[in-house]
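These notes concern the structure reproduced below.
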Amino acid sequence: MIKIVPLLGAICGDIIGSWYEFRPTKDRNFEFFRSRSQFTDDTVCSIAIADALMNDKDFIAKLQYWCRKYPRVGYGGNFNRWFRQENPQPYNSWGNGSAMRVSAVGAYSKSIEEVLELAKLSAEVSHNHPEGIKGAQATALAIFLAKEGKSKEEIKLEIENRFGYDLDRKYEDIQPSYWFDVSCQGSVPEAIIAFLESDDYESAIRMAVAYGGDADTQAAITGGIAAAYYGEIPDFILKECLKRLPLDIKEAIAKFNQAL
C-alpha cells in the first residue's frame, strides 16, 4: 500500500497539469491523462528537495544533481542556467518555482518554526526575492497545517495572517478571467483557494488546472496541500502517475515515505 504524502500529491498534480500548461482549459471536466501527460521540472525539483531533507539539507547540490539528471523537462530560462553553473547564485526570482518544489518540507517538518525555516532555505538558493520566499513558506505551511489535522478555516486564517494573501476571494470570481501567471504572488494564493473550495483530491486538481494558468505548477501546489488534508489520492490517479515516473524517482518517493 502506498503511503499518501504531500510529495506524491504534488507530483500527481504536476503530471495531470503538464498537458494543460500550454493548452489551457477552463473546463473542470477535462481529461485527466493524455498520451503525453508527463512529469516536469516540478517533479524533479520536488524530488531534489526531498532528497536534500533526507540527507544533508544541501539544497543546491541536490537540485543540481537531479536537474542535471533530467535536464529537459521544462525549466525556466534563469533556473536552467542556474543549475548548470559551477557556483550558482540566487537571482532574485519571485517565480512560483520556489513554491512548486516545497511539498516535502511541509511533510518533513515537525513545527511551524521548522517549516518556515526550511522553506526559506529551500527557496533562497535561487528564488531569494521576498515574494519567492513567501510563496514557498505559505505553501509548505499550508501542507504542514493540513498534515497536522487543522481545519480549512484554520489553514486559511494562518496563511492570511502570516503572509497577507487574500484568500477570501471565490474561485468562481477568479477563474473566468485568470490567465497564465508564473509569479508566486499571482499563483500561490489561487492554488490555495482551489484547495480550500475543493471536496477531495480530484476536485482540487480539477479546479487548479481549470484556472487556465500555469496548470502543472498550480496543480502541484494545490495537490500537495490536498493530499496532506484528505490523506488519499484516487487509485486511478496514482496508478497512471506511477506508470509515468522513472524508477529512480519512484525509489526516491519510497525512501522519503519511509523517512517520515
Side-chain angles (χ1 to χ4, degrees), residues 6 9-10 13 42 45-46 49 59 76 78 90-109 111-198 204 207-208 211-215 217-229:
D42 301 53
C45 291
S46 295
I49 298 301
F59 295 112
N78 286 330
Y91 48 92
N92 202 37
S93 176
W94 36 251
N96 54 21
S98 61
M100 58 79 161
R101 68 194 190 202
V102 82
S103 57
V105 170
Y108 175 89
S109 298
S111 67
I112 289 178
E113 293 72 24
E114 185 178 29
V115 76
L116 293 175
E117 178 63 16
L118 288 176
K120 178 177 183 290
L121 292 173
S122 74
E124 66 185 5
V125 295
S126 55
H127 294 57
N128 60 329
H129 188 283
E131 291 293 345
I133 293 170
K134 184 166 79 170
Q137 289 180 319
T139 302
L141 182 57
I143 289 169
F144 173 80
L145 294 172
K147 178 193 72 172
E148 293 296 300
K150 300 300 183 183
S151 69
K152 288 184 177 180
E153 184 62 21
E154 288 173 313
I155 295 169
K156 173 180 176 290
L157 290 174
E158 187 71 26
I159 299 301
E160 284 182 325
N161 290 337
R162 282 186 181 272
F163 304 107
Y165 288 157
D166 180 4
L167 303 181
D168 280 326
R169 295 172 298 148
K170 298 302 180 185
Y171 180 86
E172 295 296 343
D173 295 330
I174 302 167
Q175 190 255 11
S177 60
Y178 189 79
W179 64 293
F180 199 95
D181 191 330
V182 298
S183 71
C184 275
Q185 57 269 40
S187 62
V188 172
E190 288 74 15
I192 295 172
I193 288 168
F195 153 70
L196 290 172
E197 294 195 26
S198 67
M207 293 171 76
Y211 271 126
D214 189 4
T217 293
Q218 285 188 287
I221 295 168
T222 300
I225 306 170
Y229 184 83

Quick one: pull up [atom1] in [X] and [atom2] in [Y] and give me the separation to the nearest 0.5 Å.
| X | Y | atom1 | atom2 | result |
| --- | --- | --- | --- | --- |
| R101 | N96 | CZ | CG | 11.0 Å |
| I193 | I159 | CD1 | CD1 | 12.0 Å |
| K152 | I192 | NZ | CD1 | 13.0 Å |
| Y178 | Q218 | OH | CD | 4.0 Å |
| K156 | L145 | NZ | CG | 14.0 Å |
| Y211 | S177 | OH | OG | 11.0 Å |

Any donor-acceptor pair under 3.5 Å from [X] side chain to [Y] backbone:
| X | Y | answer |
| --- | --- | --- |
| T139 | I221 | no |
| Y171 | M207 | yes |
| S187 | V182 | no |
| D214 | F180 | no |
| K147 | A107 | yes |
| S126 | Y91 | no |
| S122 | A119 | yes |

**Request:** Applying ring pair (Phe, Tyr, Trp, His ring centres under 6.0 Å), name anything that partners F195, two or more places apart in sequence or on another chain.
**Result:** Y229

**Request:** State which residues pass ring pair (Phe, Tyr, Trp, His ring centres under 6.0 Å) with F163; sequence neighbours excluded, sorted by chain then number.
**Result:** none

**Message:** Test: salt bridge (Lys or Arg N to Asp or Glu O under 4.0 Å). Region: residues 182-192. Which pairs qualify, not counting sequence neighbours?
**Reply:** R169-E190

Nearest heavy atoms of [X] and [Y], plus distance in Å:
| X | Y | result |
| --- | --- | --- |
| L167 | P189 | CD2-O, 3.8 Å |
| L116 | R162 | CD1-NH1, 3.5 Å |
| A219 | G13 | CB-O, 3.2 Å |
| G95 | C184 | O-SG, 3.3 Å |
| A194 | T222 | CB-OG1, 4.0 Å |
| I225 | A146 | O-CB, 4.0 Å |

Determine whether [X] and [Y] make a side-chain contact, defined as any pair of heavy atoms from C-beta on separated by less than 4.5 Å.
| X | Y | result |
| --- | --- | --- |
| E154 | E148 | no |
| F144 | K150 | no |
| K134 | Y165 | yes |
| E124 | L121 | yes |

**Asked** Any salt bridge between K120 and E117, counting N to O under 4.0 Å?
**Response** no

**Message:** Within the 3.5 Å criterion, strictly below it, is a donor on D42 or T217 matched to an acceptor on the partner's side chain?
**Reply:** yes

**Request:** Could you give me the CA-CA distance, side-chain angles and deciding distance for V102 and I49, then say whether side-chain contact (heavy atoms from CB on, under 4.5 Å) is met?
**Result:** CA-CA 7 Å; V102 82; I49 298 301; 5.6 Å; no

